[in-house]
Amino acid sequence: LIYVMFLMFLTLLFSLLACPSDLNMSESRFIFVGIVFSIGCMVAWMCCLKLTDFPEDPVIAIGLLCMATIVVVIIFLPKVCLLCRLSDDEDLEELPMSYMPNGYSSGTLDREQRSYSPRNYDY
């Protein structure tokens, strides 16, 4: 249990440090919110398990279900919605430049950008 709590603390710390960056398509913000809710769920889970007289099996099952739901709803669902928005060609023009995979718009590259892009050589 201490190892899991240590990993949750590290995840909270690194997601907090990565929040100001727009290069990761706000994924660090999703992870930060998800880990905050997960820590709250874990504290409530441990309190129910240790401080009450409930049977252990239902408490463990409900706690695991809550943790899995938090991870899916707060971390993966927004990421899937964002990726679906990115897959539409019409939405590519509306999103900021930091959301593009290579940092460029979906249009053609101008002369300066082409000089820095990788080249394909036929051998």
Side-chain angles (χ1 to χ4, degrees):
L1 183 64
I2 300 228
Y3 179 68
V4 172
M5 294 169 88
F6 176 70
L7 289 178
M8 290 176 82
F9 174 73
L10 281 181
T11 304
L12 179 73
L13 181 69
F14 286 129
S15 66
L16 189 61
L17 291 175
C19 273
S21 175
D22 286 333
L23 297 176
N24 57 13
M25 298 186 347
S26 300
E27 189 170 4
S28 60
R29 292 179 185 104
F30 299 146
I31 292 172
F32 176 73
V33 172
I35 200 69
V36 166
F37 278 101
S38 294
I39 289 172
C41 180
M42 182 166 245
V43 168
W45 183 18
M46 290 297 124
C47 288
C48 286
L49 193 61
K50 298 296 180 188
L51 300 177
T52 63
D53 293 332
F54 290 129
E56 287 187 15
D57 291 339
V59 172
I60 292 173
I62 291 171
L64 289 175
L65 181 67
C66 289
M67 295 285 272
T69 304
I70 287 171
V71 168
V72 168
V73 170
I74 295 179
I75 296 176
F76 292 119
L77 204 60
K79 185 70 171 177
V80 168
C81 292
L82 183 63
L83 289 175
C84 288
R85 280 185 26 206
L86 279 175
S87 67
D88 281 344
D89 290 333
E90 297 144 5
D91 289 339
L92 286 177
E93 297 299 327
E94 298 172 7
L95 292 174
M97 293 295 287
S98 61
Y99 285 158
M100 298 299 153
N102 58 1
Y104 301 126
S105 66
S106 61
T108 59
L109 299 175
D110 64 359
R111 179 178 234 156
E112 289 179 18
Q113 292 171 339
R114 236 179 290 166
S115 65
Y116 297 113
S117 63
R119 300 182 183 193
N120 296 329
Y121 295 105
D122 294 330
Y123 292 103

*Can you tell if the side chain of F54 reaches within under 4.5 Å of the side chain of L49, non-hydrogen atoms only?*
no
*Any link between V71 and F30 through a network of hydrophobic side chains (Ile, Leu, Val, Met, Phe, Trp, Tyr) touching at under 4.5 Å?*
no
*Should L17 and L10 be counted in the same cluster of Ile, Leu, Val, Met, Phe, Trp and Tyr side chains packed under 4.5 Å apart?*
yes
_Pairwise side-chain contact, F9 with I39, heavy-atom cut-off 4.5 Å (strictly under)_ = no
*asked:* Quick one, I70 and C41 - any side-chain contact, counting heavy atoms below 4.5 Å?
replied: yes
_Exercise: identify the closest heavy-atom pair between P78 and V73_ = CD-O, 3.2 Å
*Establish whether I60 and M5 are linked, either directly or via other cluster members, by ILVMFWY side-chain heavy-atom contacts under 4.5 Å.*
yes
_Between F32 and M42, is there shared hydrophobic-cluster membership here, with clusters defined by ILVMFWY side-chain heavy atoms closer than 4.5 Å?_
yes
_If you count heavy atoms of other groups shown closer than 6.0 angstrom to CE of M46, is the number above 12?_
yes
_Nearest heavy-atom neighbours spanning S15 and S28_ = CB-O, 3.7 Å
*Can you name the closest pair of heavy atoms from V59 and C48 and give their distance?*
CG1-CB, 4.1 Å
*Would you mind listing every side-chain hydrogen bond (donor to acceptor under 3.5 Å, both in side chains) that reaches into residues 66-80, with sequence neighbours excluded?*
E27-K79
*Apply side chain to side chain contact (heavy atoms under 4.5 Å, CB included) to the pair W45 and L64, showing each step before the final yes or no.*
CA-CA 9 Å; W45 183 18; L64 289 175; 3.7 Å; yes
*V4, L12: one ILVMFWY side-chain cluster at the under-4.5 Å cut-off?*
yes
